[in-house]
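Keep in mind that the numbers below use all heavy atoms, side chains included, and drop hydrogens, waters and symmetry copies.
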Amino acid sequence: MSISENIEEEVFAIEKVMERDTKIFVEKDYNSPQNIFFIELENGYKLFGRKILSIMNRTGRLTSLNCSRISKEMIIGILKEAIYDEPKIEIKYFPIFKGEKINIFKKIKRDRMTNIHFPYRFYDFYTRKERESPKNGWKVYENLPVYLARGEEHFRKYTINFLSKVSVLPNMVFYDPACSSGDFLEGIKKHYKTVTTIGCDLSMEMIDIARNKLDEVHCENAFYSSLKNESVDYLFLRFLNFRVVTYETAHKLYDILIEKVKPNGFVICFGHTPVLLEKEYMRRKNLKLLSCSGYEKENDSLFQYYVLKKISND
């Protein structure tokens, strides 16, 4: 049941909120710091929030506790101060009432430049290392491809809608350097039958699943992508995320893979877990940031969805 069905909407006024007594939220970077997010507002203030149990988990559609969606219930307050003294994270904030959350969420969900930033990374308590996927890719257990596909349903729908508003021509190349089971690119191919879909993955097991879904597949490390520079029209980065690669690796891979995109081509970045790249890092002289987030009406939720266009050399 939606919060708006039980709670009356209240006007969100920052001045009023900041008159309240501050509260403190404390987290350790070996617990779940990756669930903390900030959302920038036009006036320079930031919303502070934290992911809660995913609706996909509550309805039995996913086994993971969290998903990519951000809803109004997750907003906690206006950020006053954030202090990170490893391993302790302390956030001081002005609390926002439930009715105000409805009001502010209505505003931010309409703006595709609304940026959801996850500032903290998880570090193992003993090793102080980040989590990442196995060196040879994911091992495929019975329901893994099903769960992966379910977790991306909103991404596929949103992407098809996005593509309907831009240019998709025959023989354009759609490249996913971590294609997993291939379901994401296959969904695009069903709507745009004349494009070429190329998927790569570290896992040969995943490649074997994707082989009959895509036009071309390669079992390879994205660091050593076999595709030529400026050969791709649409690059989908669905793996520069928490628990897939490390923060450092995400940035190195981004630098390598954006070179594969043709002038006037697109770089699109999202994923199940928080994107490890900052929007400021993704921007380049020849890459224009067009979008930071997407919106799903069904669950009234926002999610990270970065779209950048490579500026023509002409």
Side-chain angles (χ1 to χ4, degrees), residues 54-56 59 61-62 67-71 108-116 145-201 206 209-217 227 231-241 257-258 260-262 264-273 275 282 287-310:
S54 165
I55 189 172
M56 298 291 284
T59 56
R61 292 177 57 78
L62 284 180
C67 70
S68 58
R69 297 171 178 84
I70 297 294
S71 61
I108 62 175
K109 73 183 183 183
R110 298 189 190 107
D111 185 359
R112 295 287 62 81
M113 294 305 290
T114 292
N115 185 43
I116 307 162
V146 175
Y147 284 128
L148 290 175
R150 284 179 183 173
E152 288 188 335
E153 286 176 359
H154 58 306
F155 287 134
R156 290 197 296 273
K157 290 177 182 177
Y158 189 84
T159 300
I160 295 302
N161 182 59
F162 164 75
L163 292 173
S164 71
K165 300 174 183 177
V166 294
S167 176
V168 178
L169 302 175
N171 301 316
M172 277 189 165
V173 176
F174 285 64
Y175 174 43
D176 185 343
C179 69
S180 185
S181 61
D183 288 292
F184 179 78
L185 284 183
E186 183 187 36
I188 293 174
K189 184 77 173 183
K190 288 177 180 177
H191 285 81
Y192 298 95
K193 300 185 185 302
T194 60
V195 305
T196 299
T197 53
I198 302 176
C200 303
D201 203 275
M206 285 295 190
I209 295 172
R211 194 178 305 279
N212 295 324
K213 301 176 182 178
L214 308 180
D215 295 310
E216 186 179 323
V217 294
L227 273 69
S231 64
V232 172
D233 295 284
Y234 288 88
L235 168 66
F236 292 96
L237 299 174
R238 304 161 45 247
F239 73 118
L240 305 186
N241 306 74
L257 293 169
I258 58 175
K260 307 298 177 183
V261 181
K262 299 176 183 177
N264 295 315
F266 291 88
V267 177
I268 302 175
C269 185
F270 57 88
H272 288 280
T273 55
V275 173
M282 286 188 269
L287 278 177
K288 182 179 180 181
L289 182 65
L290 303 180
S291 171
C292 295
S293 58
Y295 174 70
E296 181 195 30
K297 185 177 180 180
E298 182 182 352
N299 289 300
D300 192 26
S301 60
L302 283 168
F303 48 86
Q304 290 180 303
Y305 195 93
Y306 296 95
V307 179
L308 300 100
K309 185 172 183 178
K310 195 168 191 180

Test side-chain contact (heavy atoms from CB on, under 4.5 Å) applied to Y295 and R112, step by step: CA-CA 8 Å; Y295 174 70; R112 295 287 62 81; 3.6 Å; yes
Residues in salt bridge (Lys or Arg N to Asp or Glu O under 4.0 Å) contact with [X], at least two apart in sequence or another chain:
X: D111; value: none
X: K309; value: none
X: R211; value: D208
X: K260; value: none

With sequence neighbours excluded, tell me which residues meet side chain to side chain donor-acceptor pair (under 3.5 Å) with [X].
X: K262; answer: D233
X: E296; answer: R69, N299, S301
X: D176; answer: R238
X: T159; answer: Y305

Please check this pair: side chain of [X] against backbone of [Y], looking for a donor-acceptor N/O pair closer than 3.5 Å.
X: T114; Y: I108; result: yes
X: S291; Y: S293; result: yes
X: N115; Y: C292; result: no
X: Q304; Y: I116; result: yes

I want to check something: taking the side chain as every heavy atom from C-beta on, are [X] and [Y] in contact at a cut-off of under 4.5 Å?
X: T197; Y: K213; value: no
X: F174; Y: L163; value: yes
X: E186; Y: S181; value: no

So, taking the atom named [atom1] in [X] and the one named [atom2] in [Y], what distance separates them when rounded to the nearest 0.5 Å?
X: T273; Y: L240; atom1: OG1; atom2: CG; result: 10.0 Å
X: S167; Y: N264; atom1: OG; atom2: CG; result: 9.5 Å
X: I198; Y: C179; atom1: CD1; atom2: SG; result: 11.0 Å
X: L290; Y: L308; atom1: CG; atom2: CG; result: 6.5 Å
X: L289; Y: M282; atom1: CG; atom2: CE; result: 7.0 Å
X: T196; Y: Y175; atom1: OG1; atom2: OH; result: 14.5 Å

Please give me the minimum heavy-atom distance between A210 and S180, naming the atom from each residue.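 What the structure gives for the nearest pair is CB-O, 3.8 Å.
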Heavy-atom closest contact (P177 atom, L257 atom, distance): CG-CD1, 3.8 Å
Please work out which of the three classes, parallel, tilted or perpendicular, describes the rings of Y234 and F266, given edges at 30° and 60°. parallel
Please determine whether salt bridge (Lys or Arg N to Asp or Glu O under 4.0 Å) holds for the pair K189 and D215, giving the CA-CA distance in whole Å, both sets of side-chain angles, and the decisive distance to 0.1 Å. CA-CA 9 Å; K189 184 77 173 183; D215 295 310; 2.8 Å; yes
Apply the test side-chain contact (heavy atoms from CB on, under 4.5 Å) to residues I160 and I188: give CA-CA distance (whole Å), side-chain angles for both, the deciding distance (0.1 Å), then the verdict. CA-CA 7 Å; I160 295 302; I188 293 174; 4.1 Å; yes
Partner set under side chain to side chain contact (heavy atoms under 4.5 Å, CB included) for V261, not counting sequence neighbours: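 V261 satisfies side chain to side chain contact (heavy atoms under 4.5 Å, CB included) with L235, V267, K310 once adjacent residues are dropped.
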With sequence neighbours excluded, tell me which residues meet side chain to side chain contact (heavy atoms under 4.5 Å, CB included) with N161.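 Side chain to side chain contact (heavy atoms under 4.5 Å, CB included) check on N161 returns S164, K165.
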What residues form a ring-ring contact (aromatic ring centres under 6.0 Å, His included) with F155, not counting sequence neighbours?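 Here the qualifying residues are F270, F303.
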For F239, check ring-ring contact (aromatic ring centres under 6.0 Å, His included) against everything at least two apart and list the hits.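 Residues passing ring-ring contact (aromatic ring centres under 6.0 Å, His included) with F239: none at all.
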